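Working notes, beginning with the structure itself.
Bear in mind the structure is a predicted one, so any value in this text is a computation, not a measurement. Keep in mind that the numbers below use all heavy atoms, side chains included, and drop hydrogens, waters and symmetry copies.
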Number of protein chains: 2
Amino acid sequence: MATLKDIAIEAGVSIMTVSNVINGKHSKVSDQTITSIQELVKKYNYVPNLSARSLSKKSSKLIAIFINSYEAKQNLFKDPYISELFGELESLIRQSGYYAIIRSVETVENVSTILHNWNVDGAIFISQQPKEAMNEILEHSKCPIVFIDSYNNDNPKAIMVGVNDYKGGYIATKYLISNGHRKIAFAGCYSETNEIVSQRYQGYRKALEESNIPYVEENLINTFTRYEDGINIGRDMANHNYDVSAVFAAADLLALGIIEGARINGCVVPNDLSVIGFDNLDLCSLVTPKLTTVSQDVKKKAESAVNLLLDAINQVDIPSQNITLDVQLEVRQTVQKKV
Amino acid sequence: MATLKDIAIEAGVSIMTVSNVINGKHSKVSDQTITSIQELVKKYNYVPNLSARSLSKKSSKLIAIFINSYEAKQNLFKDPYISELFGELESLIRQSGYYAIIRSVETVENVSTILHNWNVDGAIFISQQPKEAMNEILEHSKCPIVFIDSYNNDNPKAIMVGVNDYKGGYIATKYLISNGHRKIAFAGCYSETNEIVSQRYQGYRKALEESNIPYVEENLINTFTRYEDGINIGRDMANHNYDVSAVFAAADLLALGIIEGARINGCVVPNDLSVIGFDNLDLCSLVTPKLTTVSQDVKKKAESAVNLLLDAINQVDIPSQNITLDVQLEVRQTVQKKV
DNA sequence: TTGTAAGCGTTATCAA
DNA sequence: TTGATAACGCTTACAA
């Protein structure tokens with residue numbers, strides 16, 4: 001591998017002159033030497049050693065993408081929402097001239113180690129982090145970090161990108177109610193620490209309340225959000241283990257599973273059961289019946305995350321640290337008027 | 001950030017002593033100093049600067065994962081097979097003490113630049129590469145590279161991991177024939193350069209030939225392999241644009257799309273049409289009817305790739321450079337005896 | 001058991 | 001416009 005030194009020697013100039021040409025500081029070099037050096041660069045296929053550059057500049061052009069190691073003991077990349085988001089992020093990072101290092105993490109220590117190991121310029125978390133973890137991570141790091149889909153109002157260092165989960169839960173439930181449903185289940189991975197789902201759930205509760213529909217505890221179905229989990233719930237619905245005419249599922253995959261599980265057991269959506277999902281995966285408009293769902297714009301989410309991060313890296317003044325993207329209802333075919 | 005120097009000063013020893021402790025070369029340091037240094041390491045949360053280490057060791061502990069930028073103008077991570085494979089690879093790389101850098105690439109030059117920029121120890125391609133691209137990449141790189149799902153018999157430097165695509169096409173078609181089908185379509189992204197699909201196709205042809213079934217050119221359906229592409233094909237099948245009673249689709253997603261497209265248009269699988277897919281995604285056994293498919297073991301594929309790569313990095317003698325994993329037929333519910 | 005010196009490839013700083 | 005020098009944080013090789 002050719003180095004600056006090699007080229008400098010062959011060109012009969014100093015290393016710094018070559019370095020300046022490489023870095024486009026043309027004001028500091030004569031046109032003559034520029035062209036002669038550029039030829040040599042081409043001839044030897046010179047590419048800068050980024051470890052060396054990183055060492056000397058104290059900035060690596062690396063962005064770390066972190067993801068939780070497992071959920072339900074499963075490769076998280078099997079989740080189509082996560083994969084799509086990841087693909088968009090990678091693409092944007094590359095187009096911005098950065099390099100993406102991907103890392104699944106189990107503990108908080110893992111994170112700061114990586115951050116310092118590689119002198120990364122910034123980081124993005126693509127799966128939700130509990131508030132305590134966020135605070136600990138932020139405390140130990142000096143580079144900006146964007147958290148996607150996390151909630152934390154207390155820490156000013158936290159840069160967050162998310163969607164209006166509360167509104168999502170609200171409009172979905174409202175829509176079911178406006179279609180005459182009053183017995184509505186909420187299905188999702190509900191827990192104190194899962195703010196996303198809590199928010200969607202709060203929106204659901206609010207909509208019920210506004211219509212004076214009494215809340216029924218049994219209608220909160222706490223579950224993982226994989227397709228197979230939905231299958232089980234759909235089966236239970238078909239078997240009338242729940243007294244509901246509609247379900248709001250906090251993830252499309254879960255909703256699709258519910259529909260399938262119900263169908264297998266003789267309960268047809270939307271005739272016998274109305275279902276709304278969340279995410280608006282491509283799949284929603286391809287299956288039958290097409291899934292009515294709360295849509296979020298994954299591309300925009302990725303863009304917002306990368307833009308915020310780059311602004312923070314470049315110390316651009318950011319109007320607001322956080323971005324909450326809007327959601328909207330995609331009305332399709334899985335909700336029917338209750339007669 | 002604490003450095004070796006900081007710790008050395010505080011401990012009143014030389015940098016090298018600290019370095020030796022960090023690297024576990026305990027034979028070279030007295031027990032006393034070891035413990036005192038280890039305390040300081042903990043106190044200052046010392047983590048080694050891997051850029052510096054990489055620079056001086058000429059090895060980075062980085063493994064690059066490459067993927068083609070786009071297919072059908074689409075984020076490739078939307079493909080569940082790719083995502084799952086990627087997730088497994090990331091996990092294995094991490095567990096092996098390496099760091100994964102992910103990069104989508106458009107041109108061959110991109111690749112060698114990254115390889116040299118970061119001094120990566122090895123690389124893995126997770127989407128199929130044409131032979132010429134492989135050769136060019138290998139020529140310009142000195143680190144070992146594993147190609148998943150690529151075909152190249154000519155280049156001894158190429159390390160390849162794949163599945164027996166030919167056999168997959170063969171057993172799928174054979175199974176359809178044994179169920180009385182004689183008019184069988186092949187659907188896939190067929191082209192001269194797409195060896196995977198060509199192999200599956202050759203297997204299909206071979207099976208037809210063995211049963212003296214004349215080959216019908218119209219039954220080769222050349223298509224992208226997304227769900228939505230399948231929808232269109234299924235519709236055409238329902239409308240009898242093809243004179244077939246069965247389809248072998250070169251990807252599960254495509255097969256599922258075909259089934260759905262057919263169903264929407266009044267053609268029920270397996271009663272009116274038999275379908276076999278390829279990959280054995282989790283989804284196959286969750287949908288109705290459950291998809292009969294040629295299964296490949298994605299986890300094993302990822303393991304094979306990482307193991308071969310690590311062996312090559314560590315110069316372990318490898319019995320064979322290449323691994324071809326077996327495939328088998330998963331008989332489920334989408335093939336019916338033709339009456 | 002401990003330490004010294006040189007070098008990895010680059011950039012920043014300052015001098016010529 | 002060009003170059004010399006030091007520095008980034010670490011490891012290798014060798015000396016004490």
Side-chain angles (χ1 to χ4, degrees), chain A residues 1-38 40-41 44-62 99 113-121 142, chain B residues 1-38 40-41 44-62 99 113-121 142:
Chain A
M1 279 303 87
T3 66
L4 286 185
K5 197 176 171 189
D6 299 333
I7 294 189
I9 291 173
E10 176 136 355
V13 298
S14 78
I15 293 180
M16 272 320 293
T17 308
V18 182
S19 173
N20 283 327
V21 173
I22 300 284
N23 291 294
K25 301 185 178 169
H26 288 182
S27 63
K28 301 190 156 192
V29 191
S30 76
D31 288 354
Q32 256 194 2
T33 45
I34 288 179
T35 47
S36 78
I37 287 172
Q38 278 173 338
L40 290 172
V41 165
Y44 289 111
N45 275 318
Y46 169 82
V47 293
N49 179 323
L50 297 184
S51 292
R53 184 177 281 175
S54 161
L55 189 58
S56 140
K57 297 233 290 192
K58 293 184 159 300
S59 141
S60 60
K61 286 282 169 185
L62 280 172
Y99 302 86
T113 303
I114 299 287
L115 257 29
H116 294 133
N117 266 335
W118 286 107
N119 235 301
V120 305
D121 290 350
K142 50 190 199 325
Chain B
M1 279 305 85
T3 65
L4 287 187
K5 197 176 168 187
D6 299 334
I7 294 189
I9 291 173
E10 176 134 355
V13 298
S14 78
I15 292 180
M16 271 321 295
T17 310
V18 182
S19 172
N20 282 328
V21 173
I22 300 284
N23 291 295
K25 301 185 179 170
H26 288 183
S27 63
K28 303 189 154 194
V29 191
S30 75
D31 287 355
Q32 255 194 3
T33 44
I34 288 181
T35 47
S36 78
I37 287 173
Q38 278 172 339
L40 289 172
V41 165
Y44 288 111
N45 274 319
Y46 170 81
V47 291
N49 179 323
L50 296 185
S51 294
R53 185 178 281 175
S54 159
L55 190 58
S56 89
K57 297 234 290 192
K58 294 182 159 300
S59 141
S60 59
K61 286 281 168 189
L62 281 172
Y99 302 86
T113 303
I114 300 288
L115 257 28
H116 294 133
N117 265 335
W118 286 108
N119 235 302
V120 305
D121 290 351
K142 49 189 198 327

Practice item. Any chance you could lay out the side-chain contact (heavy atoms from CB on, under 4.5 Å) test for A/I7 and A/V41, step after step, and finish with the verdict? Key: CA-CA 7 Å; A/I7 294 189; A/V41 165; 4.0 Å; yes
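Regarding B/L55, its CG atom lies at a distance of 17 Å from the P atom of D/dA7, rounded to whole Å. At whole-Å resolution of the value, CG in B/L50 and P in D/dC8 are 18 Å apart. Protein atom NZ of B/K61 is 19 Å distant from nucleotide atom C1' of D/dG9, rounded to whole Å. When the P atom of D/dC8 is taken as reference, atom CG of A/N49 falls 18 Å away, rounded to whole Å. The nearest whole Å value for the distance from the CG atom in B/L4 to the P atom in D/dT11 is 6 Å.
Helix-axis bend for the helix from C/dT1-D/dA16 to C/dA16-D/dT1: the local axis fitted to the five terminal pairs at one end deviates from that at the other end by 40°, rounded to 10°.
Each of A/K28 and A/A2 has a nearest nucleotide on DNA chain C; the 5'-most of these lies closest to A/A2. The 5' end of DNA chain C is approached more closely, in terms of each residue's nearest nucleotide, by B/S30 than by the other of B/K58 and B/S30.
Close to D/dC8, at under 4.0 Å from its OP1 or OP2, lies no side-chain N or O of A/S54.
Qualifying side chain to side chain contact (heavy atoms under 4.5 Å, CB included) partners for A/S59, counting only residues two or more places apart in sequence or in other chains: A/D121. In this structure, the side chain to side chain contact (heavy atoms under 4.5 Å, CB included) partners of A/K5, at least two apart in sequence or on a different chain, are A/T3, A/I9, A/I15. Scanning for side chain to side chain contact (heavy atoms under 4.5 Å, CB included) contacts around A/S56 gives an empty result, with sequence neighbours left out. Residues passing the side-chain hydrogen bond (donor to acceptor under 3.5 Å, both in side chains) test with A/N45, sequence neighbours excluded: none. When the side chain to side chain contact (heavy atoms under 4.5 Å, CB included) test is applied to B/K58, no partner is found at least two apart in sequence or on another chain. Take A/S54 and apply the side-chain hydrogen bond (donor to acceptor under 3.5 Å, both in side chains) test, not counting sequence neighbours, and it matches B/S51. Judged as a side-chain hydrogen bond (donor to acceptor under 3.5 Å, both in side chains), and not counting sequence neighbours, the contacts of A/S14 are A/T17. Checked against side-chain hydrogen bond (donor to acceptor under 3.5 Å, both in side chains), B/E10 has the following partners two or more places apart in sequence or in another chain: B/K43, B/Y44.
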Using distance only, find each side-chain donor-acceptor pair of residues 21-29 of chain A under 3.5 Å and give its atom names and separation, not counting sequence neighbours.
{"residue": "A/N23", "atom": "ND2", "partner": "A/S19", "partner atom": "O", "Å": "2.8"}
{"residue": "A/N23", "atom": "ND2", "partner": "A/S19", "partner atom": "OG", "Å": "3.4"}

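In the 5' to 3' direction, nucleotides of DNA chain C lying under 4.0 Å from heavy atoms of chain B begin and end at C/dT1 to C/dG9.
No contact: B/S51 has no heavy atom under 4.0 Å from any strand. Among the heavy atoms of the strands lying under 4.0 Å from B/K57 are primed sugar atoms or P, OP1, OP2 only; no base atom is included. Counting non-hydrogen atoms under 4.0 angstrom, A/K5 reaches nothing in the nucleic acid.
Of the residues in residues 10-26 of chain B, those placing a heavy atom less than 4.0 Å from an atom of DNA chain C are B/V13, B/S14, B/M16, B/T17, in numerical order.
Judged purely by distance below 3.5 Å, without hydrogens or angles, the side chains of B/S30 and B/T33 pair a donor atom with an acceptor atom.
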